[in-house]
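Chain identifiers are assigned alphabetically (A, B, ...) following the order of the sequence lines, protein sequences preceding nucleic acid strands; residue numbering begins at 1 within each chain. This one's a predicted model, so the numbers in the text were calculated from it and none came from an experiment. All values below come from the heavy atoms of this structure, side chains included, with hydrogens, waters and symmetry mates left out.
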Amino acid sequence: MGTDVRPEDRPKRVIAHLDCDAFYASVELLRRPDLRDKAVIVAHDGPRSVVTTASYAARRYGVGSAMPLSRAKRLCPHAILLPPDFESYRRVSRALWEIVGGRLGRLQHLGLDEAYADLTGVEKPVRVLRELVEQVRAETGITVSVGLGPSRLIAKICSDLGKPAGFVAMGREEAAQRFAGHSPKLLPGIGPKSVERLREMGIETIGQLQATPEERLTERFGARHGRDLLRRAHFHDSSEVETSRVLKSRSNERTFDEDVTSLTQLEEILRRLAQGLCEGLQRREKRGRTIAIKVRLDDWTTVTRARTVDAHTNDTALVTDVALELLRAYAPPRPVRLLGVRLASFEDEEGAKAGSGGRAPPPDQLALPL
DNA sequence: TCTGGGGTCCTATGACTC
DNA sequence: TCTGGAGTCATAGGACCC
């Protein structure tokens, strides 16, 4: 390896995480200034909908993202409900990241409203970021919170800390100390399931996780995950800011307002889902080999079935036929609440995996999350 | 409280090949 | 000819993220 550089000889990394505050709701409020300071919930209005985003006024009532809409309405009955308009969100997002990218260079996008940037070697990064946040606010009306640290992990946690319009910077040791009393849920990658498993082991804080012998964790979580949990607890993270990501799969799925029992009806829905999926892939000239269906039953069990075909395709007739065969072979034994179809193993995956040494990714790859 | 849609990544397992 | 291990691929399930 010719790239071996001792850690002490490497420049100290400076990673920023930029996160738009209540992005979808903020875009809505730009269009509807009369709703400023009002409780606004962005969500489809259906019996099984969940909240996409809530304005800060609605959050004061306990409404939050991913909460069932029925519950949100109970918590905040006077909230104004707006249907999501992703076309507008994408437009504002593009404009915003163009400004940021113009100053910081290439970004790693995570969805429409957040991104990482590597500012290692940049002079006066704090000043650069402060000016940038102000420029974004002036030109788009969107406020951005910034987290700054030696890794993506710390930058991400910091950007959440000062929301809205926050600006927080922290080193690794400081983070390890400061968050020792917090729940492991604070750490990205540790969700409700891992929190529960840790709790069963008597580990309820990041500090307790830090003090847990690695063997105990690897016993419970497997070698890789266990080691990773411990590294995270100590806020070690050497992952790079990845500025080019390639689409790995694309799917189209629908949860029904009421469960569906009839196979004929399910087949009809699956045809429409496959058609929508293939039309999108045809526009992007993407073809895949693995066709999969997803079925969620009324008791919330989720089943997937997949088949890999010989040649890459985005042909509606072929994808539909295979998806229908998979559905008939499975023959859902209970009422179905969700049906979906997915295409994966795209034809240019291998070439793209070669990374920066290979050809430049097509323009739409960089814009993938947008 | 009762759980969307669109993704990524990881793990386990079995089939297959060398 | 039989066997075992390693590597790879396909499949299924699940956790997690925005």
Note to self: Checking the side chain of A/Thr140 only, and the main-chain atoms of A/Arg137 only, is there a donor and an acceptor separated by less than 3.5 Å?
What the structure shows: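 Side chain of A/Thr140 to backbone of A/Arg137, a donor-acceptor pair under 3.5 Å: no, none is there.
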Check: Okay, side chain of A/Glu174, backbone of A/Met170: is any donor-acceptor separation there less than 3.5 Å?
Finding: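 Judged by distance alone, no pair lies under 3.5 Å.
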Of all the choices, [options], which nucleotide is nearest to the side chain of [X] once you look at every atom?
X: A/Arg74; options: B/dG4, C/dC16, B/dT1; answer: B/dT1
X: A/Arg224; options: B/dC10, B/dG5, C/dT11; answer: B/dC10
X: A/Lys248; options: B/dT8, C/dA10, C/dC17; answer: B/dT8
X: A/Arg305; options: B/dG4, C/dG13, B/dG6; answer: C/dG13
X: A/Lys193; options: B/dG5, C/dC16, B/dT3; answer: C/dC16
X: A/Lys185; options: C/dC17, B/dT1, B/dT8; answer: C/dC17
X: A/Pro192; options: C/dT11, C/dA12, C/dC16; answer: C/dC16
X: A/Val303; options: B/dG6, C/dT11, C/dG13; answer: C/dG13

Notebook entry, point to check: Between A/Trp97 and A/Cys20, is a side chain to side chain contact (heavy atoms under 4.5 Å, CB included) present by the stated rule, with each step listed?
Noted result: CA-CA 11 Å; A/Trp97 294 119; A/Cys20 301; 4.3 Å; yes
Please state whether the phosphate of [N], meaning OP1 or OP2, lies under 4.0 angstrom from any side-chain nitrogen or oxygen of [X].
X: A/Arg337; N: B/dT3; result: yes
X: A/Thr308; N: C/dC9; result: no
X: A/Arg250; N: B/dG7; result: yes
X: A/Ser249; N: B/dT8; result: yes
X: A/Arg232; N: C/dC16; result: no
X: A/Thr304; N: C/dG13; result: yes
X: A/Thr255; N: B/dG5; result: yes
X: A/Lys156; N: C/dC18; result: yes
X: A/Asn252; N: B/dG6; result: yes

Contact class for [X] (heavy atom, under 4.0 Å): base, sugar-phosphate, or nothing?
X: A/Ala66; result: base
X: A/Ser194; result: sugar-phosphate
X: A/Leu338; result: sugar-phosphate

Rounded distance (Å) that lies between atom [atom2] of [N] and atom [atom1] of [X]:
X: A/Arg342; N: C/dA10; atom1: CZ; atom2: P; answer: 13 Å
X: A/Tyr116; N: B/dT8; atom1: OH; atom2: C1'; answer: 14 Å
X: A/Arg48; N: B/dT1; atom1: CZ; atom2: P; answer: 18 Å
X: A/Arg254; N: B/dT3; atom1: CZ; atom2: C1'; answer: 17 Å
X: A/Arg284; N: B/dG6; atom1: CZ; atom2: P; answer: 13 Å
X: A/Glu114; N: C/dC18; atom1: CD; atom2: C1'; answer: 6 Å
X: A/Leu186; N: C/dC17; atom1: CG; atom2: P; answer: 11 Å
X: A/Lys73; N: B/dG4; atom1: NZ; atom2: C1'; answer: 15 Å

Margin query: Against the six-membered ring of A/Phe167, is A/Arg130 placed for a cation-pi contact (under 6.0 Å from the centre, within 45° of the normal)?
Written below: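 Because its charged atom sits under 6.0 Å from the ring centre and within 45° of the axis, A/Arg130 does stack over A/Phe167.
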Next item on the list: Answer yes or no on whether A/Arg296 is positioned over the face of A/Trp300, meaning its NZ or CZ is under 6.0 Å from the six-membered ring centre and within 45° of the axis.
Entry: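 Positive - A/Arg296 is close enough to the ring of A/Trp300 and near enough to its axis.
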Note to self: Nearest heavy atom decides the nucleotide; on that basis, is A/Glu242 or A/Asp299 closer to the 5' end of DNA chain B?
What the structure shows: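 This one resolves to A/Asp299.
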Note to self: Heavy-atom nearest nucleotide on DNA chain B for A/Ser49 versus A/Ser251: which residue maps closer to 5'?
What the structure shows: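 That would be A/Ser49.
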Expressed as a whole number of Å, how far does the [atom1] atom of [N] sit from that of [M]?
N: B/dC16; M: C/dT3; atom1: C1'; answer: 16 Å
N: B/dG4; M: C/dC17; atom1: C1'; answer: 14 Å
N: C/dC16; M: B/dC2; atom1: P; answer: 22 Å

Notebook entry, point to check: Just checking, any donor-acceptor pair under 3.5 angstrom between side chains of A/Thr290 and A/Thr308?
Noted result: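 There is such a pair between these side chains.
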Check: Can you find a side-chain donor-acceptor pair between A/Glu139 and A/Gln135 that sits under 3.5 Å?
Finding: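 Yes.
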Check: Of A/Val195 and A/Arg289, whose closest DNA chain C nucleotide lies nearer the 5' terminus?
Finding: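 Looking at DNA chain C, the more 5' nearest nucleotide goes with A/Arg289.
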Next item on the list: Only one of A/Asp298, A/Val303, A/Val295 passes side chain to side chain contact (heavy atoms under 4.5 Å, CB included) with A/Pro332; say which it is.
Entry: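 Considering A/Asp298, A/Val303, A/Val295, a side chain to side chain contact (heavy atoms under 4.5 Å, CB included) with A/Pro332 is found only for A/Val295.
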